[in-house]
K.L.:
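Just dropping this structure here.
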2 protein chains.
Amino acid sequence: MAKTDTLPPIAHPAREEITVEGVLRALADPVRLAIVRQLAGTEQEIACGGLTVPVTKSTLTHHLSILRQAGVVAGRQEGTTRFNSLRRNDLDALFPGLLNGVLAARR
Amino acid sequence: MAKTDTLPPIAHPAREEITVEGVLRALADPVRLAIVRQLAGTEQEIACGGLTVPVTKSTLTHHLSILRQAGVVAGRQEGTTRFNSLRRNDLDALFPGLLNGVLAARR
DNA sequence: GTCGTAGTTCGACAGTCACCGTACTACGTC
DNA sequence: GACGTAGTACGGTGACTGTCGAACTACGAC
């Protein structure tokens with residue numbers, strides 16, 4: 001059967017394809033918000049397994065997929081590991097202040 | 001039966017009770033986002049009937065109730081009319097930049 | 001009192017969504 | 001090859017949510 005050469009680098013929306021509503025929807029969930037906070041708390045990327053969330057692996061995959069589709073996080077594959085990072089540049093360019101406002105929240 | 005003296009001025013969360021997640025949830029809907037945009041586009045308050053939304057009255061009531069409970073909009077009763085306004089001060093104080101970021105969005 | 005207008009409340013219904021377990025693919029190591 | 005690990009895909013289920021129409025309350029004008 002066909003080999004997966006070049007390994008399609010995951011589907012991410014281009015910057016112009018990101019919508020506020022999608023981003024807000026993605027952020028409007030406690031688990032995903034926790035993920036975003038963890039990613040925002042470090043300069044480094046975090047592998048799926050390195051995220052602390054109160055859900056199973058499959059549910060985590062689901063949440064990350066939503067965050068990715070919304071354009072909030074980017075994923076980079078390296079071996080069997082997928083490194084996730086915040087798309088801070090894109091979000092700040094499109095919705096200046098939004099991310100900071102969300103992260104500034106105490107509750 | 002008991003008269004409604006003083007007319008309980010609608011239930012609004014205090015500033016400290018507003019949560020990011022609640023606000024994000026409230027904003028993560030096209031109809032509610034449209035309402036917020038209309039309220040943000042003017043200095044004046046807007047009555048329910050003055051809002052342009054593609055839903056029926058009862059659905060509009062529902063959306064406004066969610067926005068109110070989340071602390072995004074305030075409602076002031078005057079006769080049979082309810083005037084709505086954005087709680088810009090509170091939102092800016094709690095989540096500086098969030099509202100601006102959302103409103104800055106072109107899509 | 002009667003009527004019209006402004007909003008709310010109350011089911012009901014359909015669609016979406018978070019969650020899980022299981023099965024699967026892909027890579028690295030032995 | 002066999003095995004373990006990292007993450008995804010699939011199917012199912014229960015809960016939530018946006019939508020509506022109809023009935024209702026509250027106020028103002030006639």
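Quantities reported herein were computed from a predicted structural model and do not represent experimental measurements. Order of the sequence lines sets the chain letters (A, B, ...), proteins ahead of strands, with each chain counted from 1.
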K.L.:
For D:dA26, does OP1 or OP2 lie under 4.0 Å from any side-chain N or O of B:Arg82?
P.N.:
no

K.L.:
Select one nucleotide: of C:dC10, D:dA6, D:dA9, the one nearest the side-chain heavy atoms of A:Ser58.
P.N.:
D:dA9

K.L.:
For B:Gln69 and C:dT8, what is the distance between atoms CD and C1' respectively, to the nearest whole Å?
P.N.:
13 Å

K.L.:
Checking side-chain hydrogen bond (donor to acceptor under 3.5 Å, both in side chains) for the pair A:Gln69/A:Ser65: CA distance, chi angles, key distance, verdict?
P.N.:
CA-CA 6 Å; A:Gln69 283 173 35; A:Ser65 147; 3.2 Å; yes

K.L.:
Any Lys/Arg nitrogen of B:Arg76 or B:Glu78 sitting under 4.0 Å from an Asp/Glu carboxylate oxygen of the other?
P.N.:
yes

K.L.:
Over how many whole Å does the gap from A:His62 atom NE2 to C:dC19 atom P extend?
P.N.:
8 Å

K.L.:
Report the residues that fulfil side chain to side chain contact (heavy atoms under 4.5 Å, CB included) with A:Ile66, sequence neighbours left out, ordered by chain and then residue number.
P.N.:
A:Ala26, A:Arg32, A:His62

K.L.:
Expressed in angstrom and rounded to an integer, what is the separation of B:Gln77 atom CD from C:dT5 atom C1'?
P.N.:
13 Å

K.L.:
Near DNA chain D, under 4.0 Å by heavy atom, which residues of residues 18-52 of chain A?
P.N.:
A:Ala47, A:Cys48, A:Gly49

K.L.:
From the list C:dC20, C:dA18, D:dC20, which nucleotide is the closest neighbour of the side chain of B:Val55?
P.N.:
D:dC20

K.L.:
Give the rounded distance in Å between these two atoms: CG of B:Leu64 and P of C:dT8.
P.N.:
7 Å

K.L.:
Does A:Thr80 or A:Thr59 map to a spot on DNA chain C nearer the 5' end, using the closest nucleotide for each?
P.N.:
A:Thr59

K.L.:
Please report the distance, rounded to the nearest Å, between CG in A:Asn84 and C1' in D:dG7.
P.N.:
11 Å

K.L.:
Between B:Arg68 and C:dT8, does any side-chain N or O lie under 4.0 Å from OP1 or OP2?
P.N.:
yes

K.L.:
Heavy atoms only, 4.0 Å cut-off, all strands: where does B:Arg76 land among base, sugar-phosphate and nothing?
P.N.:
nothing

K.L.:
What does B:Thr61 touch in the nucleic acid at a heavy-atom separation under 4.0 angstrom: a base, only the sugar-phosphate, or nothing?
P.N.:
base

K.L.:
With heavy-atom distances below 4.5 Å as the criterion, would you say the side chains of A:Phe83 and A:Ile46 are in contact?
P.N.:
no

K.L.:
Within the pair B:Thr81 and C:dA6, is there a side-chain N or O less than 4.0 Å away from OP1 or OP2?
P.N.:
no

K.L.:
Would you tell me whether A:Thr61 and A:Ser58 have side-chain atoms, one donor and one acceptor, within less than 3.5 Å of each other?
P.N.:
no

K.L.:
Does A:His63 place a side-chain N or O at less than 4.0 Å from the phosphate oxygens OP1/OP2 of C:dC19?
P.N.:
yes

K.L.:
How far does CG of B:Asn84 sit from CZ of B:Arg82, to the nearest 0.5 angstrom?
P.N.:
7.0 Å

K.L.:
Looking at every non-hydrogen atom in both residues, tell me the closest pair between A:His12 and A:Val73 and how far apart they are.
P.N.:
CD2-O, 3.7 Å

K.L.:
Provide, to the nearest angstrom, the distance between the NZ atom belonging to B:Lys57 and the P atom belonging to D:dA23.
P.N.:
14 Å

K.L.:
Under 4.0 Å, heavy atoms only, any strand: does A:Ile66 hit a base, just the sugar-phosphate, or nothing?
P.N.:
sugar-phosphate

